[in-house]
S.K.: 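Here's a structure for you.
To find a chain, count down the sequence lines: A is the first, B the second, and so on, and within it residues start at 1. Just so we're clear, the structure is a prediction, and the values are computed from it rather than from any experiment.
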Amino acid sequence: MYPRIKRSLSEEGSSSAKRTHFRSFSVSGAFGNGTSQRETNGQTKHHLSANQHYQQTTHSSTRKQRFNLPIYAGRTAIIAEVRMKESVIIVGETGSGKTTQIPQYLHEDRLTKLGAIACTQPRRVAAISIAQRVAKEMSVQLGEEVGYTVRFEDVTSEKTRVKYMTDGMLLREAISDPLLLRYAVVILDEAHERTVHTDVLFGVVKSAQKMRKENNQKPLKIVVMSATLEADHFSRYFNGAKVLYIEGRQHPIQMMYAVEQQKDYVHAALVTIMQLHQEMPPGGDILVFLTGQDEIESLAKLVTDCAQHCTPDCMELLVCPMFAALPSQHQMKVFISAPSGKRKVILATNIAETSITIPGVKYVIDTGFVKGKAFHPKTGLDMLRVQPVSKAQARQRTGRAGRETSGVCYRLYTEEQFDELKQTTIPEIQRCNIATVLLQLMALGITDVANFDFLDRPPQDAIENALEQLIVLGALRKASDCYELMPLGRQMADFPLEPRLAKVILSSQQFNCSEEIITIVALLSVDSLTYTPQNKRDHAIAVRKKFTSSEGDQMTLLNIYRAYNSVNGNKEWCQQHFINSQTVKQVMDIRKQLREICVRMNIPFNSCGKETANIRQTLARGLFMNAAELQPEGTYQTVSHRQPVAIHPTSSLFGLKPQFVVYNDLVHTSKCYMRDVCCVDPSWLRDAAPNYFKEHRLHSQPTAIYS
DNA sequence: GAGCACTGC
């Protein structure tokens, strides 16, 4: 196979099917070097002009850099707009400096006199690193005037005026302070990413602003910062707020499109990588966007094999896989720059789109696909599916080529295919289970959740389904014309968990197993406690066999956690058993947080000892809507929708066929699989929700007992 | 007997 690819690579201009063809595309506009040409959409542009009046008062080099940023020209206009108006939308391109500078401008202009500035970020690392940078620019100690708040870490004090935080953290704060009274300004940054948390915050800050105005309290200024697109949409939502545009500093990127549609994008990627590697001068790494671990691992093998067949004068090629499930010591490899005479090729998922920035990338290869979550509101079934990227996403990927110098982006699809892509990705809030969101809104005091002022409304089905789930869990009650938050629901909202797991914790007291349950819930909140490399799979499974419990995966996870503690988290032990020690540490953090919340609620800590049935009975209290029953032919069906499901092959119950199980979640791949499965007694299910099981019959039991 | 994009509280 490899010689044939090699040959086709050398056949310049050949129309062989093995060759990927590209043609050039003019790039002066959208990806140019900061000229004013843009995609026009009817919106009046307010380009910012230079401010002549700001005096530089310090000579520190970190500070000096601030005045060279493109955004500096717009300082006066930005301050004026925020002072004059309630809300403003700022569209800033990559490299404009908006995230570090705007909060400082507003602080320098004493907008923080009446309250702090909150600047939200979708990711923890961003909130932390930006706060560090701004503290340095302002020559202050991190945690004093400038600080950050993310889960498990609060580096702020009473002095803090500029506070970077995750969007989820501000949403949590809103539950205890719906008017966000400690803030004078809320900046929702990276708004174009449309995370569930930012989307909910849009409504929360808009309502807080209105309420404060009505109550004659100090005004709340709202700043929405985003990349291009959607600015009009944000503007309409915030009562026609003005949109200010800031130019970025992006190096020019040359666009290349496939001449014809590619049948196999992994193969097309392989050919393109080898072609680039052999034809392009040394210097400049290659970043390839793929959809998942499997694809990355198989392409990594192909590239490695192929590179060995290169001509002797060809540079060495270093292949670096990059995906979230990869243990961090392996992830580090991509950040080490390639020694001279070698070229790096990074095979990444969309983790490299926004979450991490890899230095040295000059060439981007975009397969045009991404694995995304799809959700069926009626059945509550979640699944991951390979789908085409949106135009916005394709542009984001392209931009990764021009971070340091000019670059080239190869799209493994035609320009016509690009034109057919969706403008933007559907906001997550429209394609996920919103039970958690609705419970949080109720806890914020918004009773009419069904008519909440969403920027983009979730489907009606999803709203109804989520409300129904919350009612069945006992979190809400339907009153005459609205929904009422029950005391149980109020407690559930205090946990950083999905409602069903919060219910599990709150139910643990009556079965004397809160200690075990808190650990199990923490374990269910992380992914992949264990790591199974492809080439050592059988060995990994064999050494972990001793932890397997026939009661279910939750008990198996608990066994692993206990074993880890009994060796005090010994590193070698973790490696021997293929346990991801970083994940266990995360479990310990979550466990500690859950414990603290329980202490505040006066939930007693107790252990059921050997009575492990109590643990499973407690799990049934929250997971009863995720029950499945064995059918006479040996397969399973969910009790809720009679959906055919199977126990996941990695489950400790695989092949055991208990009559009734509850599962933590479903994943649809070749089949619909239940993950984190636990055996239960049908009577526990009925005890958990008698009315629910009058509607959803458990077939193996005589139905007469209910008549 | 098959395989889990990415965040976040």
Side-chain angles (χ1 to χ4, degrees), chain A residues 120-127 149-154 165-175 190 193-201 289-298 322-326 348-356 367 369-374 382-387 389 393 396 425 428-429 431-432 436-437 439-440 443 492-499 501-502 521-522 525-534 537-538 541 586 589-590 593-594 596-597 646-651 653-656 664-676:
Chain A
T120 67
Q121 296 296 319
R123 282 167 293 279
R124 293 166 52 92
V125 277
T149 306
V150 297
R151 190 182 190 182
F152 310 128
E153 251 188 292
D154 181 7
M165 62 206 300
T166 47
D167 48 8
M169 212 60 223
L170 185 61
L171 198 53
R172 278 256 137 230
E173 280 189 8
I175 293 177
E190 309 290 1
E193 288 194 27
R194 303 294 304 273
T195 68
V196 176
H197 291 149
T198 299
D199 260 31
V200 177
L201 281 172
F289 284 102
L290 293 146
T291 66
Q293 179 175 350
D294 257 16
E295 225 168 69
I296 288 170
E297 284 175 348
S298 54
M322 183 74 205
F323 45 92
L326 193 70
T349 60
N350 49 349
I351 191 170
E353 248 171 49
T354 47
S355 305
I356 59 156
T367 57
F369 287 92
V370 65
K371 215 174 267 188
K373 196 186 273 174
D382 250 339
M383 62 168 94
L384 282 172
R385 199 187 273 151
V386 173
Q387 54 201 23
V389 295
Q393 217 172 349
Q396 178 70 30
T425 311
E428 196 190 354
I429 201 161
R431 52 187 169 86
C432 71
T436 314
V437 166
L439 182 62
Q440 277 172 342
M492 281 163 64
D494 276 346
F495 286 96
L497 295 169
E498 284 175 65
L501 290 177
V521 169
S525 304
V526 297
D527 34 42
S528 61
L529 191 68
T530 57
Y531 176 64
T532 312
Q534 259 177 1
R537 205 199 55 187
D538 293 342
I541 292 168
Q586 211 182 326
D589 280 338
I590 298 172
Q593 189 187 28
L594 297 177
E596 282 163 6
I597 297 168
I647 292 177
H648 199 278
T650 57
S651 167
L653 293 185
F654 185 77
L656 293 183
N664 192 43
D665 61 0
L666 288 178
V667 56
H668 189 110
T669 49
S670 59
K671 266 196 223 173
C672 200
Y673 287 105
M674 302 180 274
R675 284 195 302 186
D676 293 319

S.K.: Does Ile590(A) reach a base, just sugar-phosphate, or nothing at all? Heavy atoms under 4.0 Å.
M.R.: nothing
S.K.: Glu353(A) CD to dA5(B) C1': how many Å, rounded?
M.R.: 10 Å
S.K.: Report the distance from atom CD of Gln593(A) to atom C1' of dC9(B), rounded to the nearest whole Å.
M.R.: 7 Å
S.K.: Not counting sequence neighbours, which residues clear salt bridge (Lys or Arg N to Asp or Glu O under 4.0 Å) with Asp676(A)? List them please.
M.R.: none
S.K.: Which atom pair, heavy atoms only, marks the closest approach of Ala493(A) to Ile175(A)?
M.R.: O-CD1, 4.3 Å
S.K.: Identify, with sequence neighbours excluded, every residue that meets side chain to side chain contact (heavy atoms under 4.5 Å, CB included) alongside Val386(A).
M.R.: Tyr265(A), Thr291(A), Phe369(A), Lys371(A)
S.K.: Can you tell me how far P of dC9(B) sits from CD of Gln121(A), to the nearest Å?
M.R.: 12 Å
S.K.: Expressed in angstrom and rounded to an integer, what is the separation of Phe152(A) atom CZ from dG8(B) atom C1'?
M.R.: 10 Å
S.K.: Please determine whether a side-chain nitrogen or oxygen atom of Thr436(A) lies at a distance below 4.0 Å from atom OP1 or OP2 of dC9(B).
M.R.: no
S.K.: Nearest to the side chain of Phe654(A), which nucleotide is it out of dC9(B), dA5(B), dG1(B)?
M.R.: dG1(B)
S.K.: Select one nucleotide: of dA2(B), dC6(B), dG8(B), the one nearest the side-chain heavy atoms of Pro649(A).
M.R.: dA2(B)
S.K.: What is the minimum heavy-atom distance between Ala127(A) and Thr166(A), and which atoms define it?
M.R.: CB-N, 4.3 Å
S.K.: Please state how far atom CG in Leu501(A) lies from atom C1' in dG8(B), giving the value in whole angstrom units.
M.R.: 15 Å
S.K.: Using a heavy-atom cut-off of 4.0 Å across all strands, would you classify Tyr673(A) as base, sugar-phosphate, or nothing?
M.R.: sugar-phosphate
S.K.: Select one nucleotide: of dC9(B), dG3(B), dT7(B), the one nearest the side-chain heavy atoms of Val150(A).
M.R.: dC9(B)
S.K.: Just the rounded figure in Å: distance from P of dG3(B) to NZ of Lys371(A).
M.R.: 10 Å
S.K.: Tell me what Arg151(A) touches on the nucleic acid: a base, only sugar-phosphate, or nothing, going by heavy atoms under 4.0 Å.
M.R.: base
S.K.: In whole angstrom, what separates Met492(A)'s CE from dC9(B)'s C1'?
M.R.: 15 Å
S.K.: From NE2 of His648(A) over to P of dG3(B), roughly how many Å is that when rounded to an integer?
M.R.: 7 Å
S.K.: Return no unless some side-chain N or O of Thr349(A) is found under 4.0 Å from OP1 or OP2 of dC6(B).
M.R.: yes
S.K.: Would a 4.5 Å heavy-atom cut-off, applied to side chains only, mark Pro496(A) and Leu594(A) as touching?
M.R.: yes
S.K.: Between Glu498(A) and Ala324(A), which is nearer to the 5' end of DNA chain B once each is assigned its nearest nucleotide?
M.R.: Ala324(A)
S.K.: Could you please name the option among dC9(B), dA2(B), dT7(B) that lies closest to any side-chain atom of Thr650(A)?
M.R.: dA2(B)
S.K.: If you assign each of Ile541(A) and Arg172(A) to its closest nucleotide in DNA chain B, which residue comes earlier from the 5' end?
M.R.: Ile541(A)
S.K.: Measuring to OP1 and OP2 of dG3(B), would you say a side-chain N or O of Arg675(A) lies under 4.0 angstrom away?
M.R.: no
